[in-house]
Structure formats: C-alpha cells, structure tokens
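Everything quoted here is computed from the prediction, not taken from an experiment. So that the names make sense, note that chain A is the first sequence line, chain B the second, and so on, each numbered from 1.
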There are 2 protein chains.
Amino acid sequence: MPGDSQTEIRQLLDRLCRLAAAEEWTADLNPSQYAALAYLARANRFSRAPSQVAEYLSSTRGTISQTLKALHRKGYVAETRSQTDRRSISYDATRAGLDALRKAALFEKPLAGYSQRELTDLSDSLKLLLQRALHARGNRPFGICRECIHHRHRKDERYCALLDVRLEESEAGEICYEQAS
Amino acid sequence: MPGDSQTEIRQLLDRLCRLAAAEEWTADLNPSQYAALAYLARANRFSRAPSQVAEYLSSTRGTISQTLKALHRKGYVAETRSQTDRRSISYDATRAGLDALRKAALFEKPLAGYSQRELTDLSDSLKLLLQRALHARGNRPFGICRECIHHRHRKDERYCALLDVRLEESEAGEICYEQAS
DNA sequence: CGATATTAGTAGCGAGTCGCTATTATTGCA
DNA sequence: TGCAATAATAGCGACTCGCTACTAATATCG
C-alpha cells in the first residue's frame with residue numbers, strides 16, 4: 001500500500017540519495033564513482049579489492065571493475081597488485097580523489113543546525129535499519145575494525161586475531177570486509 | 001574528511017538505497033522506473049506530468065520522459081492528455097503498476113520489529129533532512145495536500161484555494177506539486 | 001492583433017551503470 | 001596432478017543521465 005510508513009521511509013531515502021547524486025555529478029564523478037571512492041577512502045587495506053567494493057555497494061564485480069577503471073583514468077585511485085595473490089588488485093584513493101570527494105559535500109548545510117546528539121541519533125537509526133536489511137539478505141555488515149570480535153587491544157598495540165596481523169592505530173576506525181560482531 | 005557524521009550519514013543513505021535498488025530489479029523495474037512509479041502512486045491529479053516527476057526525482061524532463069515511456073510499454077502507467085493544455089500529459093499508475101510496486105518491498109522485514117513511535121521518529125528525521133536539503137537548493141517541498149496553506153476543510157468538504165477546485169476526501173493525503181507551508 | 005517569449009514534451013548523442021554470461025588467470029584442494 | 005573455486009575482466013543489451021536541439025502549444029505584451 002502506498003502511503004504507509006515503509007513506503008514513505010523508502011521514498012525519503014530515495015529522494016535524499018537522488019539529491020546527493022545531483023551534487024556528485026558536479027564534482028566530476030557519477031554517483032557510482034562517488035560511492036566507490038567514498039568507500040575506498042574509509043576501508044582498510046584488507047578491503048579495497050573490486051569484489052569487496054562490489055559487495056559493499058550491493059553491485060557486481062563486472063560493474064565495479066568498470067567503475068574503478070574510470071576512477072583510475074581520472075587519477076582518483078591507484079592500483080596495487082597483491083604480492084601474495086597475483087589475481088587480486090587493491091585500489092587506494094589518491095589525494096586528488098579525496099579532493100573530489102570533498103567537492104561533492106551535500107548535507108553540510110542541511111546538517112549544520114543539528115546538535116551532535118541529533119546527528120548520532122539519525123546515524124544510529126540508519127545504521128540499525130541497514131544492519132537489519134543486510135542481515136535479512138545474508139550480506140556482510142562491513143563494520144568498523146575496532147568493533148570486531150577479532151580485534152585485540154592491549155597497551156598501545158592493536159592486533160587482528162583473524163588475519164593475524166598487527167594494526168596501526170589509524171586502522172582501528174576503518175571499514176573492514178571481515179568485520180564481525 | 002571521511003569518517004565524520006556527515007560523510008557517514010550520506011554513505012548510510014547511499015547503501016540503503018543501493019540495497020533497495022537491488023530489490024527493485026527483481027520486480028521487472030529498474031530503480032528509476034520504481035521511483036517514478038512509486039511517485040505516481042502517491043501524487044494527486046495535478047502532479048503527474050513528466051516535468052513534475054522530473055522535479056520530484058531531481059532528474060530532467062528528458063530522462064523522465066524516457067522512463068515513463070518504458071513504464072508505459074510495460075503497461076504499468078496510462079497516458080492521459082490534458083483537455084485544457086494540449087501540450088501536457090498526465091501519467092497514472094495502473095493496477096499492474098501497483099502490483100509491481102508491491103513486489104519490490106524491501107524494508108518490510110527489517111522494519112517489522114519497529115514500534116510505531118520508532119517508525120515516525122525515523123520518518124520525521126529523514127523528512128526534516130530532506131526538507132532542509134531541498135530548501136537549500138531552492139526546490140519545491142512536494143508535501144501532502146492536507147498540510148498546505150491553500151487547503152480548506154470545513155464540514156465534510158475539502159477545497160484547494162490555489163487551484164480553485166473541490167477535492168475528494170482521498171486526495172487530501174496525496175502528494176501535490178503546488179504544496180506550500 | 002500579431003510578433004515574440006515561455007512552456008511541455010520529446011529526440012538523439014556520448015558516457016557510463018547494471019544484470020547478464022562468458023573468459024582468462026591464478027590458486028586451493030583432493 | 002588434475003579439477004574445482006576464485007579474482008578480475010570483457011562484452012552484450014537495456015537503460016539512466018546530462019546535454020543540446022527541436023516541435024508544438026500557450027502566454028505575454030507592444
């Protein structure tokens with residue numbers, strides 16, 4: 001039934017995204033390219049391969065492959081082939097890429113009047129909804145490293161018990177493909 | 001800066017939309033077609049022309065023209081030429097169109113556990129954000145007829161003071177292009 | 001009244017997404 | 001060692017999107 005809360009929430013989300021998309025075009029990026037680049041800027045070094053980007057964006061490897069190539073042509077990402085697995089590639093956002101991201105800021109003005117409390121409330125509501133929707137579809141959560149069951153933190157050292165590696169302090173706040181809770 | 005509340009909220013919105021989009025493909029609709037159809041199902045008879053759909057979706061007349069033609073080919077909308085202005089066309093969702101919309105329901109399960117209070121809270125937060133974002137860009141609000149300054153309601157009669165027409169009871173809850181508050 | 005905007009809808013271009021289905025490397029496993 | 005699984009990519013057809021025209025109908029105004 002059109003008009004109920006579900007439909008309304010869905011349409012609100014959609015219109016907000018379309019508005020954001022309109023802004024993204026002005027920054028030499030199309031919405032998919034923006035989304036991929038924004039992910040790469042927040043993802044840790046174990047989570048920047050095409051298939052991981054595809055999964056995060058609920059897209060396919062084929063499409064994302066093209067998107068990343070386009071970003072590469074524009075100089076917004078750098079390609080790094082893996083040493084251990086010669087099939088896989090990792091993409092990192094370049095300085096120019098981060099600049100392009102900043103140009104497409106949309107909700108700065110509309111969110112300016114919000115208190116920190118209101119921001120986290122909204123953020124948490126959306127996070128919960130997304131989490132449930134992802135779970136219903138059997139998708140990975142793509143949570144933050146620090147909030148993972150494999151994350152170990154003692155003294156001033158961080159460590160991932162799953163991948164068996166030491167972690168830099170700055171990596172604790174990044175998105176991880178393997179994150180679980 | 002990636003990682004702040006703004007960026008995070010934007011990425012959450014984006015991922016929710018992409019998830020919804022993935023669901024829409026399964027209902028013989030692409031995301032744009034779904035969005036246009038969902039709008040037509042909620043818009044009143046003064047608001048169903050291509051240019052109005054385009055404005056609602058932050059798109060262009062050209063693109064929406066194609067989208068509506070595609071929906072027409074699929075039998076999901078009906079075309080009606082205006083009697084008064086022979087340039088304009090109005091599109092209405094057909095019964096088959098409404099069925100297709102229902103097939104693409106996504107947030108049913110994830111939102112099932114929410115209380116009515118939580119639903120309206122989330123809905124209101126998003127509405128406020130959208131409203132501010134639209135205002136910042138100088139766009140129309142596309143609000144609901146009933147909540148308009150031109151809406152008159154006395155006894156059991158509804159009336160629009162702007163368009164100078166009587167309104168059916170069922171129209172009071174529909175989206176209107178002319179809505180202002 | 002008639003010339004001149006303005007408006008509504010559409011067509012067509014080029015780039016690119018998206019869901020597909022292969023295809024090619026490379027790696028893991030029995 | 002052979003065969004399945006995996007990572008990335010290529011290519012197809014339908015489509016969106018931002019453009020720039022373009023047609024037809026309606027408004028405006030000297």
Examine [N]: is either OP1 or OP2 under 4.0 Å from a nitrogen or oxygen in the side chain of [X]? Give yes or no.
X        : N       : value
Thr60(B) : dC17(D) : no
Ser51(A) : dA8(D)  : yes
Gln66(B) : dA11(C) : yes
Gln52(B) : dA8(C)  : no
Arg86(A) : dT26(C) : yes
Thr67(B) : dT16(D) : yes
Ser32(A) : dT17(C) : no
Asn30(A) : dT17(C) : yes
Arg73(A) : dG16(C) : yes

Legend entry - Side chain Thr94(A), main chain Gly75(A), donor-acceptor under 3.5 Å: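 Present.
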Rounding to an integer number of Å, can you tell me how far [X] [atom1] sits from [N] [atom2]?
X         : N       : atom1 : atom2 : value
Gln83(B)  : dT26(D) : CD    : P     : 11 Å
Glu24(A)  : dG16(C) : CD    : P     : 16 Å
Tyr177(A) : dA7(D)  : OH    : P     : 7 Å
Tyr91(A)  : dA8(D)  : OH    : P     : 8 Å
Ile89(B)  : dT7(C)  : CD1   : P     : 19 Å
Ile64(B)  : dC15(D) : CD1   : C1'   : 12 Å
Tyr34(A)  : dC17(D) : OH    : C1'   : 19 Å
Arg81(A)  : dA7(D)  : CZ    : P     : 13 Å

Inset, instruction - Ignoring the backbone of Arg61(A), work out which of dT16(D), dA7(D), dA8(C) is nearest its side chain. - result: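 Side chain of Arg61(A) sits closest to dA7(D).
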Inset, instruction - Name the closest nucleotide to the Pro50(B) side chain, picking from dT10(C), dG19(C), dT17(C). - result: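 Ranking dT10(C), dG19(C), dT17(C) by closest atom to the Pro50(B) side chain puts dT10(C) first.
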Legend entry - 5'-most by nearest nucleotide on DNA chain D - Leu68(A) or Ala22(A):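 Checking each residue's closest nucleotide, the 5'-ward one belongs to Leu68(A).
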Legend entry - Within 45° cone of Tyr34(A) ring axis and under 6.0 Å: Arg10(B) NZ or CZ: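 Yes - Arg10(B) lies over the ring of Tyr34(A), closer than 6.0 Å to its centre and within 45° of its axis.
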Inset, instruction - Report yes if the distance between the aromatic ring centroids of Phe46(A) and Tyr177(A) is under 6.0 Å, otherwise no. - result: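 Here the rings of Tyr177(A) and Phe46(A) have centres that are no less than 6.0 Å from each other.
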Scan [X] against the nucleic acid and name what it touches under 4.0 Å (heavy atoms): base, sugar-phosphate only, or nothing.
X        : result
Ser88(B) : sugar-phosphate
Arg18(B) : sugar-phosphate
Ala49(B) : sugar-phosphate
Ser82(A) : nothing

Inset, instruction - May I ask you to test the Leu128(B)-Arg132(B) pair for a side-chain heavy-atom distance under 4.5 Å? - result: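 They are in side-chain contact.
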Legend entry - Salt bridge Lys127(B)-Glu8(A), side-chain N to carboxylate O under 4.0 Å: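 Salt bridge: yes.
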Legend entry - Carboxylate-amine/guanidinium contact Arg137(B) Glu23(A), below 4.0 Å: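 Looking at Arg137(B) and Glu23(A), the cut-off is met.
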Inset, instruction - Between Lys74(A) and Thr84(A), name the one whose nearest nucleotide on DNA chain C is closer to the 5' end. - result: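 Looking at the nearest nucleotide for each, Lys74(A) comes out on the 5' side.
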Inset, instruction - Could you pick out which residue, Ser65(B) or Arg87(A), lies toward the 5' side of DNA chain C when each is mapped onto its nearest nucleotide? - result: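 Going by which nucleotide is closer to the 5' end, it is Ser65(B).
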